[in-house]
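Computed from a predicted model, the values in this text were never measured in an experiment.
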Amino acid sequence: MPLPQSPSLTSRPLVAALLLAFLAPALAQDDAGDTVVISASRSNIEVEKAPQTAVVIKRDDIARQLTLSSNSSDVLSNILPSYTPSRGKMNGSGETLRGRTPLILIDGVPQSNPVRPTGREAHTIDYAMVDRIEIIQGPNAVNGLGATGGTINIITRRPEKGTLNQNIDVQVTAPTTHVDGDTLNYKTNYRLDGRLDQLDYLFAVGYEDQGLYLDGKGRAIGVDVTQGDLMDSRSYDVLAKLGYRPDDKQKLQFSVNRYRIKSKAGYVGVAGNRELNIPSTSREGTPPGTPAWNDVWTSSVSYNHYDLAGMELSAMVFNQEFVGLFGADNSATFQDARIAPRGTLFDQSRAVASKYGSKVGLTKTGLLDGRLKLTAGFDTLFDKGKQDMYGTGRTFVPESKYSNLSLFVQGEYQLLDKLTLHAGVRRENADLKVDTYRTLAAYNNTLVQGGKIKFNETLLNAGLVLTPVRDVTVYTSYSEGFGLPDIGRTLRSINTPGQSISSLRALEPILTKGVELGTRVRKGAWELDAAYYRSDSDFGTRVVSVNGLFSMAREKTRLEGYDASATYRFSKAQRAGLAYAYTKGRYDSNGDGSLDARLDGLNVAPNRVIANWNADWNDKLSSFIQVQHAFSQNFDDPAKRFSGYTLADATASYKLRHGALRVGVSNLFDQNYITYYSQSALVEPTRYFAGRGRTVTLGYALKF
């Protein structure tokens, strides 16, 4: 079926006439019908008035997915068909939302690094620490830099009622063939929390030891030594929160999370053969250099006043410290004849980033006879980052400093009883400062003159929400997202003398313009959602692979597609759901303004359908089944043809007198398949990875 024509993205005067806005994303409703506020929206908007697609993944949904896989990317892709299927590795480059990179937050703190994105943003917290996940789909400026594909806000757990609560959870995962100490995964979490008169507290710690992964034929899956791998790794997470309420109108909260994952370095990769459909495998061995790891500190202090002269104030200051080490190899990029003969130098890169910032918002309701709500605020972000060669100390990406001050105002105005306008504007004032440096020998030891670049953008958003009849909502919106290209990839690859930072057009910001038309129906036992979207960037980015290294191409791009979902509740205890996503991405390959080429699997997700059935058989026994199908797809490069696959998973839980048992079976029918990334993102024998075969997880949780 042909896609419908979308509204013009060049009609900014018309949008301005609507007071142009900030698109505050959505709310959702829980099973009891209570309104759930998406904190990333920066204001409280009722679900009937939300002009953009949003999804809330609740605690129970997360727990079921963690019984199937502890990989955070699997949790997202198993629930959201518009999110790219997980690579299954420590590096998630190419995992997109509606074909563009999402901004990932933890309690509102950005995890993405503007100077040198590493693809590791999805692996900065153990999802066992998470209460819910808020997903805003499509470009938006609600949290500033980076949300060209949407926003994923990870909300950590909160203290429960009671002065002292303890929770312990253990689980073990094993394949159904070749079960031994090398292929087992162990995971345990402990949480202590409580609420006192004016104080509440939470302390949680988690540990996981992952073994070797096997594919559907019992073969060892190939290890990605260079980019980092989840299999054959150890990780831990420590979360601490302390809240203080001086009265019913105020709350002060402190939060810190430390996450670390490191490869155990017990295996080396064995290249596969794409033509013969032989996947990459692993054999026992010690890779060169230091094993790859992620080390992340995320901390924040927030203050809320719910009645400050009739207004609501929210304020937060935050900090994130990130270090990501990649594995060693003898890539041509790393060679330098002054250090060692060509082809013999093994080195590895390390990305280091330090950011701090603030978010302040003030909301006033009840204006203009109760029809208008206004929110105003300002955000700051200061990020310092670099990438060096860990083994030899050489500069890969010079130290760069990004500074940003943003002001915004947004409004919600009830035009008619059944028609609401959302409108606003955000102003980004930013600059990037880069020191003078020399590139690596592979790029001719080129001297690049440092300097400063300013990025100033005014971002406009508007939306209309209509409720023509009871239980039916129709919405349309226009939104602009602001992002930066991968600055590090651009800086490290300069090989032409005489270049200066201020003259690099490749560092220009990415302005993404999106339109969406959708509907929601909540009628009896039915919940129906459908949306058409399109997003355009006149000077966007496309991820490409060159000799195994990812780089950024700056080109005109367009993403468009459909999202649709249906949920039917047979009874209070039985519920089934079906979700589908179709995405088409194109880009201008020769600079003539025509979108003549298709984006490949490194940039867009496959078209997918996900079905699930959740049943509570009695007050003790419950079950969950999900089936997902990724449709086959062709790309401009015939070698990247995606053959598609179907996967099924199941879980069951049983409440005991003390605690609860659960079992999960992932890849129920032991399907043997090659991952979407390995088929359609790049053509490389060392990264022709198979998907994980059938595994069984047995877990036990106890609250006391």
Determine yes or no for a side-chain-to-main-chain donor-acceptor pair under 3.5 angstrom, with [X] supplying the side chain and [Y] the backbone.
X: Lys418; Y: Val469; value: no
X: Arg542; Y: Asp588; value: no
X: Asn612; Y: Ala576; value: no
X: Glu121; Y: Ser112; value: no
X: Thr420; Y: Gln414; value: no
X: Arg554; Y: Gly540; value: yes
X: Arg64; Y: Ser623; value: no
X: Asp649; Y: Asn667; value: yes
X: Asn140; Y: Gly138; value: yes
X: Glu95; Y: Arg87; value: yes

- Message: salt bridge (charged side-chain N to carboxylate O under 4.0 Å, His left out) for Lys640 and Asp600? Distances and angles first, verdict last.
- Response: CA-CA 8 Å; Lys640 294 183 177 181; Asp600 62 14; 2.6 Å; yes
- Query: More than 12 foreign heavy atoms under 6.0 Å from CZ of Arg371: is that the case here?
  - Reply: yes
- Item | No-hydrogen, no-angle side-chain donor-acceptor test under 3.5 Å, Thr148 and Thr512 | no
- Message: Quick one about Ser93 and Asn91 (side-chain donor to acceptor, distance below 3.5 Å, no hydrogens or angles considered), yes or no?
- Response: yes
[X]: partners by ring pair (Phe, Tyr, Trp, His ring centres under 6.0 Å), with sequence neighbours left out:
X: Phe378; answer: none
X: Tyr673; answer: Tyr645
X: Tyr413; answer: none

- Kindly assign one of parallel, tilted or perpendicular to the pair Tyr676 and Phe642, based on the angle between their ring planes and the thresholds 30° and 60°. perpendicular
- Hey, what do you get for CZ (Arg586) to CG (Asn603), rounding to the nearest 0.5 Å? 13.5 Å
- Query: Taking the six-membered ring of Tyr568 as reference, does the NZ or CZ atom of Arg575 fall below 6.0 Å from its centre and within a 45° cone about the axis?
  - Reply: no
- Task: Could you tell me whether Glu412 and Lys373 make a salt bridge, using a distance below 4.0 angstrom between a side-chain N and a carboxylate O?
- Result: yes
- So, are Arg59 and Asp131 salt-bridged, with charged N and O less than 4.0 Å apart? yes
- Close side-chain approach of Pro110 and Leu103, heavy atoms under 4.5 Å: yes
